[in-house]
Amino acid sequence: MKQVRKAVIPAAGLGTRVLPATKSIPKEMLPIVDKPAIHYIVEEAVRSGITDILIITNRGKTPIEDYFDHSVELEERLLASGKRELYDELQKLCTMANIQYVRQKETKGLGHAVSCAKSFVGDEPFVVMYGDDVIVGEEPVAKQLIDAYYAYGLPCCGIKEVPREDVVKYSSLKVSPLGGRNYKVTDMIEKPATPEDAFSFFSILGRVLLTPDVFEILERTAPGAGGEIQLTDAMAEFARGAGMTGVDFTGKRYDMGNKLGVLQASIEVGLAHPEIGDGLRAYLKELAQTL
């Protein structure tokens, strides 16, 4: 079994649910306190032992590339003004992982975006970390999936139960318990028409670990929900064959393609921030008295 050392971050979506902000700012660059959303995702990958990351972009996403690159003038100015700590933090951004980029020239769905990573992945297993989803917790979710892959030898997906009325917005999985927080996944459907059509209320949220044979499946996957090539449809072939492992992961997920999710992330991460946590908590208590 090969070591998992690569991650793919699809970040080519248009961010229509967060307009008008995303007209000029990629949704992956929306700030959570003092770091953009994609910083948390890359940081999770690094904490999970990932060394090589491919970010799938498209037109208008160059701020993502700039963020993880050197800014020579800014760095020199920080050094000249004695702000060594900030300088070191910016240097760390450029060296935290080997980050590459490829453009998805047409936004044909998540499955199509992942297919753009074929040459990067080669013959190795890899983690797909959805660019919309920031997950904060003590143990990185990517590592939870990697551990399950080593334990069961099957592709994995990060799963959570969603409210009954929300399952039509996500995927639905047919699962059976394996023990602990792990489940065997034997079928799945993307965006069931009604809650009654769902296998269960377990949905894939934000993280999957795949093997390179998924690319052959994606090549023959027809457009599905929304007229797009759905990654779920390709993974269903894994599930209906040898199966997949579903990991009911620990950690709090924030949907950064949703206005409320962006605000929740800023508030909850801000409360734990060493610089502003106390002040934000006092402000929220004062504000709550007026609601």
Pairwise distance [atom1]([X]) to [atom2]([Y]) - rounded to 0.5 angstrom:
{"X": "Ile32", "Y": "His39", "atom1": "CD1", "atom2": "NE2", "result": "10.5 Å"}
{"X": "Met129", "Y": "Leu145", "atom1": "CE", "atom2": "CG", "result": "9.0 Å"}
{"X": "Glu165", "Y": "Thr194", "atom1": "CD", "atom2": "OG1", "result": "13.5 Å"}
{"X": "Ile189", "Y": "Ser203", "atom1": "CD1", "atom2": "OG", "result": "11.0 Å"}
{"X": "Arg5", "Y": "Ile53", "atom1": "CZ", "atom2": "CD1", "result": "12.5 Å"}
{"X": "Ile135", "Y": "Gln144", "atom1": "CD1", "atom2": "CD", "result": "8.5 Å"}

Here's one to test your reading of the geometry: is the NZ or CZ of Lys191 within 45 degrees of the ring axis of Tyr170 and under 6.0 Å from its centre?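 Not satisfied by the 6.0 Å and 45° rule.
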Is the NZ or CZ atom of Lys6 positioned over Phe120's six-membered ring, under 6.0 angstrom from the centre and within 45° of the axis? yes
Do you know which two heavy atoms are closest between [X] and [Y], and how far apart they sit?
{"X": "Val8", "Y": "Ala117", "value": "CG2-CB, 3.7 Å"}
{"X": "Pro212", "Y": "Val121", "value": "CB-CG1, 4.3 Å"}
{"X": "Val18", "Y": "Asn258", "value": "CG2-N, 3.9 Å"}
{"X": "Ser266", "Y": "Pro31", "value": "OG-O, 3.6 Å"}
{"X": "Ala11", "Y": "Ile55", "value": "CB-CG2, 3.9 Å"}
{"X": "Ala234", "Y": "Thr221", "value": "CB-OG1, 3.9 Å"}

[X] vs [Y] side-chain heavy atoms within contact, under 4.5 Å:
{"X": "Met235", "Y": "Val208", "result": "yes"}
{"X": "Pro140", "Y": "Ser48", "result": "yes"}
{"X": "Tyr149", "Y": "Ile146", "result": "no"}
{"X": "Phe215", "Y": "Val114", "result": "yes"}
{"X": "Leu54", "Y": "Val102", "result": "yes"}
{"X": "Ile159", "Y": "Leu205", "result": "no"}
{"X": "Tyr87", "Y": "Glu85", "result": "no"}
{"X": "Thr22", "Y": "Arg17", "result": "no"}

More than 12 heavy atoms from other groups under 6.0 Å of [atom1] on [X]:
{"X": "Gln100", "atom1": "CD", "value": "yes"}
{"X": "Asp278", "atom1": "CG", "value": "no"}
{"X": "Glu65", "atom1": "CD", "value": "yes"}
{"X": "Tyr150", "atom1": "OH", "value": "yes"}

Evaluate the criterion side-chain contact (heavy atoms from CB on, under 4.5 Å) for residue pair Asp123 and Lys2; output intermediate values, then yes/no. CA-CA 9 Å; Asp123 61 352; Lys2 292 191 175 182; 2.6 Å; yes
Look at the side chain of [X] and the backbone N and O of [Y], then say whether any donor-acceptor pair between them is shorter than 3.5 Å.
{"X": "His273", "Y": "Glu275", "value": "yes"}
{"X": "Arg240", "Y": "Thr186", "value": "no"}
{"X": "Ser172", "Y": "Phe199", "value": "yes"}
{"X": "Asn58", "Y": "Lys105", "value": "no"}
{"X": "Glu286", "Y": "Ala282", "value": "no"}
{"X": "Thr211", "Y": "Pro125", "value": "no"}
{"X": "Ser200", "Y": "Leu173", "value": "yes"}

Looking at Met244, Lys160, Glu190, Met188, which one forms a side-chain contact (heavy atoms from CB on, under 4.5 Å) with Ile204?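 The single option meeting the side-chain contact (heavy atoms from CB on, under 4.5 Å) with Ile204 is Met188.
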Hey, which of Gln104, Met29, Glu28 is the one that makes side-chain contact (heavy atoms from CB on, under 4.5 Å) with Lys61?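 Option passing the side-chain contact (heavy atoms from CB on, under 4.5 Å) with Lys61: Glu28.
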Between [X] and [Y] (salt bridge meaning N to carboxylate O under 4.0 Å), is one present in this structure?
{"X": "Glu139", "Y": "Arg47", "result": "no"}
{"X": "Arg207", "Y": "Glu44", "result": "yes"}
{"X": "Arg164", "Y": "Glu196", "result": "yes"}
{"X": "Arg84", "Y": "Asp88", "result": "yes"}
{"X": "Arg77", "Y": "Glu73", "result": "yes"}

Connected via hydrophobic side-chain network under 4.5 Å: [X] and [Y]:
{"X": "Ile50", "Y": "Leu93", "value": "yes"}
{"X": "Met1", "Y": "Val247", "value": "yes"}
{"X": "Tyr40", "Y": "Leu90", "value": "yes"}
{"X": "Leu178", "Y": "Phe238", "value": "no"}
{"X": "Val185", "Y": "Val127", "value": "no"}

For a side-chain contact (heavy atoms from CB on, under 4.5 Å) check, start with the C-alpha distance between Leu231 and Leu210, then their side-chain angles and the critical distance, and finish with the verdict. CA-CA 11 Å; Leu231 184 61; Leu210 302 173; 4.0 Å; yes
Parallel, tilted or perpendicular: which fits the ring planes of Tyr183 and Phe202, with parallel below 30° and perpendicular above 60°? tilted
From CA spacing to verdict: side-chain contact (heavy atoms from CB on, under 4.5 Å), Asp147, Lys143: CA-CA 6 Å; Asp147 289 345; Lys143 184 179 185 303; 3.0 Å; yes
Test side-chain contact (heavy atoms from CB on, under 4.5 Å) on Asn182 and Tyr152 and set out the steps. CA-CA 10 Å; Asn182 296 323; Tyr152 297 100; 3.6 Å; yes
Would you say the rings of Tyr101 and Tyr67 are close, in the sense that their centroids are separated by under 6.0 Å? no
With side-chain hydrogen bond (donor to acceptor under 3.5 Å, both in side chains) as the test, would you mind laying out the steps for Glu106 and His112 before giving the verdict? CA-CA 9 Å; Glu106 298 178 84; His112 180 262; 5.8 Å; no
Does the salt bridge (Lys or Arg N to Asp or Glu O under 4.0 Å) test come out yes or no for Glu75 and Lys83, once each step is laid out? CA-CA 9 Å; Glu75 292 166 8; Lys83 298 179 179 178; over 6 Å; no
